[in-house]
Amino acid sequence: MHRLLTSALTVLATTALPACANAQFLEGTPKAAESSEPNIQSAVSEIQTDIQSRIDSTRAQAQELSSTVAPQDEPQNEAAPAPDTQAGAAPQPVPQPQANSVDCPNCVALTFDDGPSPYTNQLLDTFKAKDARASFMVLADHAYQYPQALQRMQAEGHTIGNHTKTHRQLNQLAYGDIAQEIDAGNAAIRNATGQNPQWLRPPYGATNETIDQVARDKGLSQALWNVDTLDWKIRDSQHVCNSAVQDANPGSIVLMHDIHPTTVNAAECIIDGLRAKGLEPVSLDELLRTPVDGKRYYSR
Ligand code: NI
């Protein structure tokens, strides 16, 4: 404010000088000297009046500026500490990184296909004893054969998925045939549990855009996998356990089959081994809480 007024007065003094010089010039000229004294005094008086009016005008402008510019500056200067004061009085929650918003960052999904089988109850016993969860991708005919196994899965917090009716390779079928396979699988699960599944596991993991579309239309998400234990091929419990535990990472989906006793007998070793690695076996519904219809999930 003070600096503003000073610079305004400096400008005024500079612009006023020619008027003074002009007056002195008039005063110094012979003609002016010959002119009457009152004329010179009158001219000087006019210049003085002009200077005074310019000083008044500049002062008024400076005051106007100080009342408009300064208040704009001051609130900005005062606004800065205000948030700090508010934050000190009532701290806001710190936004959490995306990774920390995952329900269980160290979870994995153990999935068992092609059942239920005569061995499934033993597998459910192991998961119950260990307080762990799994997912069962059932075939329609087996679901009709072992409805109580599905009811137990449902009651004990496991996820039940649709593995179709006849285990055909869906990517070789047209939309209508794919839909029939899926509808039959859903009906078998609904028969035992009263609910449609959320998950489709295409046999052999064979999928394509037509299957994506059918799954989307049926309200199913596709559960694929990123860990294959090859338990159907290598019928050795220790191998199955080693494969599942060593290859699993946070978010993994592990493929196994509960129609093989060697796999069922490996379950305790797998659960213990995963926990020793800091991983927790959960159901697919727990691993992926908001799956998108039609989408393919190989892991979280
Ligand atoms: Ni299968």
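When a ligand or atom number is given, it counts from 1 through the structure's own listing order.
Put simply, the residue from V108, V254, N106 that forms a side chain to side chain contact (heavy atoms under 4.5 Å, CB included) with L274 is V108.
Nearest N/O/S atom of D114 relative to the Ni ion (ligand 1): this is OD1.
Using a cut-off of 2.8 Å, one finds that H257 contributes no N/O/S atom close to the Ni ion (ligand 1). Contact annotation: D113 places no N, O or S atom under 2.8 Å from the Ni ion (ligand 1).
Y144 meets the ring pair (Phe, Tyr, Trp, His ring centres under 6.0 Å) test with no other residue; sequence neighbours excluded.
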Please list every donor-acceptor pair under 3.5 Å in which a side-chain atom of residues 244-253 meets a protein atom from a residue at least two apart or in another chain.
{"unit_1": "S252", "atom_1": "OG", "unit_2": "N249", "atom_2": "N", "d": "2.9"}
{"unit_1": "S252", "atom_1": "OG", "unit_2": "N249", "atom_2": "O", "d": "3.0"}

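T262 places no side-chain N or O within 3.5 Å of a backbone atom of S237 that could act as its donor or acceptor partner.
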